[in-house]
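Single-structure report; data block below.
The structure displayed is predicted, hence computed values, not measured ones. Start at 1 and go down the list; that is how both ligands and their atoms are numbered. Index from 1, following the sequence.
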Amino acid sequence: MKNTSVKFIFITGGVVSSLGKGLASASLGALLQARGYSIKLRKLDPYLNIDPGTMSPYQHGECYVTDDGAETDLDLGHYERFTGVPAKKSDNITTGKIYSNVIAKERKGDYLGATIQVIPHVTDSIKEYILSDINHEDFVLCEIGGTVGDIESLPFIEAIRQLGNELGLTQTCFLHVTLLPFIKTAGELKTKPTQHSVKELQGMGIQPDILLCRTEDAIPEEQKSKIALFCNLKTERVIEALDSSSIYEVPISYHKQGLDYQVCKHFQLDVLKKPNLRRWNKINKIQKSSEGNVNIGIVGKYTSMIDAYKSLIEAINHGGLANNIKISVKWIDSEELENQNQNFNNLFKDINGIIVPGGFGQRGSEGKINAINFARTKKIPFLGICFGMQMAVIEFARNVLDLKDASSSEFGKTKQPLVGLLTEWQTDKGVEKRNKDSNLGGTMRLGAYDCKLSENSLIKSIYKKKIISERHRHRYEVNNKYILDFKKNGLMFSGMSPDNSLPEIFEIPSHPWFIGVQFHPELKSKPFDPHPLFSSFIEASLKKSRLL
Ligand code: GLN
């Protein structure tokens, strides 16, 4: 690729992790869009996994799935939610992926006998990735995972340094996100960690063009000048990034501090044209004016790690935006619901809607089934997502169809596999095949698939479409042998794969709102375009709250 007009912004982080680099990158992307530019956002992750697909959500947060079937870092979810640009497989690169490509090439003999080294072979491969699959975008924003100074991220830093050199100032900009800690006893924000982290970057040959300083308090002018002096940049390039009460305030707040202005100035673009921030102002206005409260209970296993459910929480909030209502999420640990004799009325006293989200493994599954039983019999709005849908099918089979052994083959051998391992399915590229011994990485039914909605169903009235496309990430599937039995007993499969072989959505017409979906609708919801399923679920929960 030799696109001489695309501009690259490399986003690095210093001082500590969890600085919100992903949000900062997504917000800058949104601001550039608001100035009329087209953008692409990418994440370069320094870990050795090929992708986060096999990583524990406890450690790494949710795994975000793209339309083209990649299991990626959760930051790609922020990117997509903030910009509406669908993330792609090529937008998340890891050290593991880079090395496996380099080694595969070496085995093929592509390096013609050369000694394979980090520089130039690994760095060349990173640069190739950064420059690949760019189709007329004005900007490509590349966030480098980790913190400057980590051993693991060195090849990435070196690769972007080389790109800065090769493409020059007119095509590259280095944005460094840091932290200014507030020391109570001294009563001031400290600039030293930022100075050190910039020195570290400079030592690797990178002079940041813009600093984005995370801070709890406004940065006094003299502190900004001090940072500028020590870090070798102009004071106006030291941007204050104050903590915000909502992530959707971030683009506006960074704009007010001049982030997009400085980026445009760096690239010598028109800075006089004002960005169109209507979309963001509208969201913030709704958020501020929302009245009332709906309590949504999420019954899951990783409830101590909210990043494990990042997209889900956002999608629920979007449903709140669509209904002008504030949402309180209550986390309910499924393992604590395993004992059926507990007082569920008490446990779910204030809950207006219940979600059982995606999940893996048997632990906690009986608690989820008990919660679903409660939602079904007490007519509480219920949304089952992927594993949550599978557990709802099992609950109904056990308690309504009287199939007492109903279970999922995910939990081991069972006489009544209501949910079974999916061994064969149709993709755009042909038939995919799996068996129980297949590798765990990248072997699920992944990415976007079409689904046909039934006439006269609640789901069709929600989507207002006949065919929808949603993203999947699962290995097991509801057994279509039982479809008629379910129907006779009041549970209807109202969404099927186009060839009618895979049950994708069910609903219970006699219940006010009880829907299970085999896919992950939360991945496609956006604050300015709330997902219809979440808008409708929150609406139903709101009605329920008014009945209480
Ligand atoms: N463990 C289930 C499966 O693989 C559900 C996965 C999920 O909820 N994403 O089918």
Side-chain angles (χ1 to χ4, degrees), residues 51-58 60-67 69-72 74 77 298-303 305 307-313 315 334-335 354-369 371-372 382-395 397 406-412 414 417-425 427 432-449 451 470-480 495 497 501-506 515-525 533:
D51 60 42
T54 53
M55 286 160 89
S56 156
Y58 277 126
H60 198 255
E62 105 181 332
C63 174
Y64 189 77
V65 179
T66 59
D67 277 333
E71 296 175 285
T72 69
L74 88 173
I298 301 182
V299 180
K301 204 162 63 171
Y302 309 113
T303 49
M305 169 66 180
D307 267 0
Y309 301 105
K310 194 84 218 155
S311 296
L312 178 65
I313 300 167
S334 50
E335 285 185 273
I354 296 177
I355 295 182
V356 178
F360 291 83
Q362 191 163 19
R363 191 161 58 79
S365 60
E366 290 303 320
K368 292 179 188 179
I369 290 173
I372 294 166
F382 167 79
L383 174 60
I385 297 176
C386 204
F387 193 75
M389 179 248 203
Q390 298 173 353
M391 293 308 106
V393 167
I394 292 174
E395 188 283 320
S407 185
S408 165
S409 56
E410 181 170 0
F411 309 152
T414 159
L418 264 287
V419 179
L421 182 69
L422 183 67
T423 50
E424 213 176 284
W425 68 96
T427 74
E432 286 268 356
K433 289 192 178 175
R434 300 278 183 271
N435 64 43
K436 65 179 182 16
D437 300 320
S438 296
N439 276 348
L440 286 186
T443 56
M444 286 190 248
R445 181 178 172 215
L446 285 167
Y449 285 85
C451 167
E470 292 282 7
R471 296 180 194 168
H472 292 247
R473 182 178 186 245
H474 53 104
R475 216 168 254 120
Y476 300 84
E477 193 87 41
V478 172
N479 191 337
N480 58 14
S497 59
S501 66
L502 304 172
E504 309 275 44
I505 305 171
F506 74 71
I515 292 181
V517 292
Q518 185 57 81
F519 44 79
H520 289 272
E522 70 274 23
L523 300 175
K524 284 178 56 165
S525 187
L533 254 183

**Asked** Looking at residues at least two apart in the chain, or sitting in another chain, which of them share a ring pair (Phe, Tyr, Trp, His ring centres under 6.0 Å) with H520?
**Response** none
**Student check: side-chain heavy atoms of L502 and N480 closer than 4.5 Å** = no
**Message:** Please enumerate all residues that pass salt bridge (charged side-chain N to carboxylate O under 4.0 Å, His left out) together with R473, with sequence neighbours excluded.
**Reply:** E71
Contact table, ligand 1 N/O with protein N/O, distance under 3.5 Å:
unit_1	atom_1	unit_2	atom_2	d
ligand 1	1 (N)	G359	O	3.0
ligand 1	1 (N)	E410	OE1	2.8
ligand 1	1 (N)	E410	OE2	3.0
ligand 1	4 (O)	R475	N	2.8
ligand 1	8 (O)	G359	N	2.9
ligand 1	8 (O)	G359	O	3.4
ligand 1	8 (O)	F387	N	3.1
ligand 1	9 (N)	R473	O	2.8
ligand 1	9 (N)	H520	NE2	3.1
ligand 1	10 (O)	Q390	NE2	3.2
ligand 1	10 (O)	R475	N	3.1
ligand 1	10 (O)	Y476	N	2.8
ligand 1	10 (O)	Y476	O	3.4

**Complete:** Taken in chain and number order and not counting sequence neighbours, the residues that satisfy salt bridge (charged side-chain N to carboxylate O under 4.0 Å, His left out) with E395 are R376
**Request:** Compare all side-chain heavy atoms of C386 with those of V517 and state whether any distance is below 4.5 angstrom.
**Result:** no
**Prompt:** How long is the span from the OG atom in S407 to the CD atom in Q390, to the nearest 0.5 Å?
**Reply:** 10.5 Å
